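Note sheet for the following structure.
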Amino acid sequence: MDKKSRMRLLLGAAFLMATSAIGPGFLTQTTHFTEQLAASFGFVILVSIIIDIGAQLNIWRIIAISEKPAQDIANKLLPGLGFVLSALIVAGGLAFNIGNIAGAGLGTNVLFGISPEMGALFSGLVAIGVFLVREAGKVMDRFAQMLGFLMIGLTVYVMFTATPPLGEAAVKTIAPDTIDFLAIVTLVGGTVGGYITFAGGHRLLEAGVKGKESLGYVNRSAVSAIGFASIMRVFLFLAALGVVAQGIQLDPGNPAATVFQSAAGNVGYKIFGVVIWAAAVTSVVGAAYTSVSFIRSFSNTIEKNHKWFIVGFIAISTLVFVSVGRPVSILILVGSLNGLILPLALGVMIIAAHKKSIVGDYKHPLWMTIFGALIVIVMSYMGFVTLLEGIPQLFE
């Protein structure tokens, strides 16, 4: 693989992960917490970026060194553990894909006035089309990059029209008025939780970027992925801060739409439609690809026909939304379980990093091990708290 092709692949993997993170939930979380914390939310973003990088570097490096997908690493560490991890990933990916499809339907409703259900069908077909072409991997990479740059560009425009207090944001990012730990954990879970952090790592592995000689490339791609997602987060935060600073109340049901419309009028509202559609449909592609990547190694049939399994995954997500809407109880439960995926997966990777049977003579940096272990402890605690809070809601 020549240098140009490798760099194109690394950029594609980075954008696949970043756009998987930037879904409808990402837009809602960012605007909601900006309204709550104002300029101090900048500190939350800064801390979450540091944690995200620590988690992602650990996971992507071990996938590359072991030359195995995460589920096979887990099964080698403890037989059966990979199947548990895969079940959590696939269940979470399917549930959140229903939400992503709903977001895509909302985007088309804003843009064209068609029903969310019809918009969801159209969006599902677009996502399926990505995987029906001959070189689906390359098309997926380009698709993520193109829509990723579009989302960032449009959000930058809205940010400037909102005229945020940049000086205050800079100061409060370093010296916040309040520190909200729940917001930090929520942002980390929304960026590298569930299936998201594996999207780029498995994409690089599939394309042959693995082994010690590839670690430099893997590091750059992993950090770039967090960087792209964080750039979008920062610009969206500043746009929301500009609106909130004017004393405008955000609609609790759709705070992101209020930000775009308040900042740039009807044009802003249409831009919101484009951004949420792009965010949703790229997340659909990322969730489907990554979820199926967690079962490919279990069966030769799945491996040979993985594109059709991805298509089926998207079709099921779309049909569930169109026929029954978003099943709230299932989303609550799976959303709670999703909080446990990152600590489980990261814990597995950290232990695997010190097993010669998995990584050979590779020596994992001590700082990564310590940092990763701290993330596992914090995210495990918050994940269980979220799960305990989520289960009673199923019976309300």
Side-chain angles (χ1 to χ4, degrees), residues 10 12-23 25-26 29 48-66 68-74 82 85-86 88-93 96-97 100 144 148 184-206 209-210 215 218-230 232-233 282-283 285-294 335 337-353 364 368 371-376 378-380 382-383:
L10 297 178
F15 264 96
L16 178 64
M17 178 270 153
T19 54
S20 293
I22 304 169
F26 178 102
Q29 286 172 4
S48 68
I49 290 171
I50 295 169
I51 295 173
D52 292 340
I53 290 173
Q56 184 135 301
L57 277 175
N58 270 292
I59 290 173
W60 285 29
R61 283 173 67 94
I62 302 309
I63 288 174
I65 285 292
S66 66
K68 293 179 176 64
Q71 70 272 19
D72 289 355
I73 296 172
L85 181 60
S86 296
L88 287 171
I89 291 284
V90 172
F96 283 101
N97 238 17
N100 291 331
I184 293 171
V185 172
T186 301
L187 257 64
V188 172
T191 308
V192 294
Y195 65 87
I196 299 168
T197 191
F198 299 99
H202 281 187
R203 174 71 185 116
L204 291 178
L205 183 66
E206 180 189 28
V209 180
K210 55 189 178 182
L215 281 182
V218 172
N219 290 343
R220 284 199 291 275
S221 187
V223 174
S224 296
I226 298 299
F228 292 134
S230 301
M232 180 66 179
R233 178 92 71 185
T282 51
S283 293
V285 168
Y289 169 81
T290 310
S291 297
V292 173
S293 78
F294 267 83
L337 290 172
N338 201 52
L340 300 176
I341 295 174
L342 177 61
L344 172 63
L346 183 54
V348 165
M349 293 296 172
I350 291 171
I351 296 170
H364 197 55
M368 281 194 188
F371 195 20
L374 289 172
I375 295 171
V376 168
V378 172
M379 294 300 293
S380 294
M382 291 306 302

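Just the heavy atoms: all of them, side chains too, but no hydrogens, waters or symmetry mates, feed the values below. Here the structure is a predicted model, which is why all the values come from computation and not from measurement.
Rounded to the nearest 0.5 angstrom, Met379 CE and Leu344 CG are separated by 12.5 Å. To the nearest 0.5 Å, atom CE of residue Met349 and atom CG of residue Asn58 are 10.0 Å apart. Atom-to-atom distance recorded for Leu187:CG and Gln29:CD is 6.0 Å, nearest 0.5 angstrom. Taking OG of Ser221 as the start and CG of Leu204 as the end, the distance is 4.5 Å to the nearest 0.5 Å. Separating the CD1 atom in Ile63 from the CG atom in Asp72 is a distance of 10.5 Å, to the nearest 0.5 Å.
Asp52 is linked by a side chain to side chain donor-acceptor pair (under 3.5 Å) to nothing, counting only residues two or more places apart in sequence or in another chain. With sequence neighbours excluded, the residues that form a salt bridge (charged side-chain N to carboxylate O under 4.0 Å, His left out) with Arg203 are Asp141, Glu206. Evaluation of the side-chain contact (heavy atoms from CB on, under 4.5 Å) rule for Lys210 yields Glu67, Leu205 as partners, not counting sequence neighbours. Checked against side-chain contact (heavy atoms from CB on, under 4.5 Å), Thr290 has the following partners two or more places apart in sequence or in another chain: Tyr195, Phe198, Ala199, Ser293, Phe294. Residues satisfying the side-chain contact (heavy atoms from CB on, under 4.5 Å) criterion with Ala225, sequence neighbours excluded, are Ala14, Met17, Gln56, Trp60. By the side-chain contact (heavy atoms from CB on, under 4.5 Å) test, Ala55 is found to be paired with Val192, Leu342, Leu346, Ile375, residues two or more places apart in sequence or in another chain being considered.
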* Derivation of the side chain to side chain contact (heavy atoms under 4.5 Å, CB included) call for Ile50 and Phe371 -> CA-CA 10 Å; Ile50 295 169; Phe371 195 20; 3.7 Å; yes

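In summary, the side chains of Arg233 and Thr191 do present a donor paired with an acceptor at a separation below 3.5 Å, with no hydrogens or angles considered.
Closest non-hydrogen pair, Ile196 versus Gly190, comes out as CD1-O, 3.4 Å. For the pair Ser291 and Val90, the tightest heavy-atom approach, listed with the atom from each and the gap, is O-CG2, 3.6 Å. Here the closest non-hydrogen pair linking Leu85 and Ala345 is CD1-CB, 4.1 Å. When all heavy atoms of Leu57 and Ala222 are compared, the closest pair comes out as CD2-CB, 4.1 Å. When all heavy atoms are compared, the tightest approach of Ser48 to Ile184 is CB-O, 4.3 Å. Of all the heavy atoms in Ser66 and Ile73, the pair that sits closest is OG-CD1, 3.1 Å.
For the pair Ile62 and His364, the minimum side-chain heavy-atom distance is below 4.5 Å. When side chains are defined from C-beta on, Gln71 counts as touching His202, because their heavy atoms get closer than 4.5 Å. Inter-residue side-chain proximity for Phe15 and Thr282 is flagged as unmet; no heavy-atom pair is nearer than 4.5 Å.
Remark: side-chain polar atoms of Ser283 are paired, donor with acceptor, to backbone N or O of Thr19 under 3.5 angstrom.
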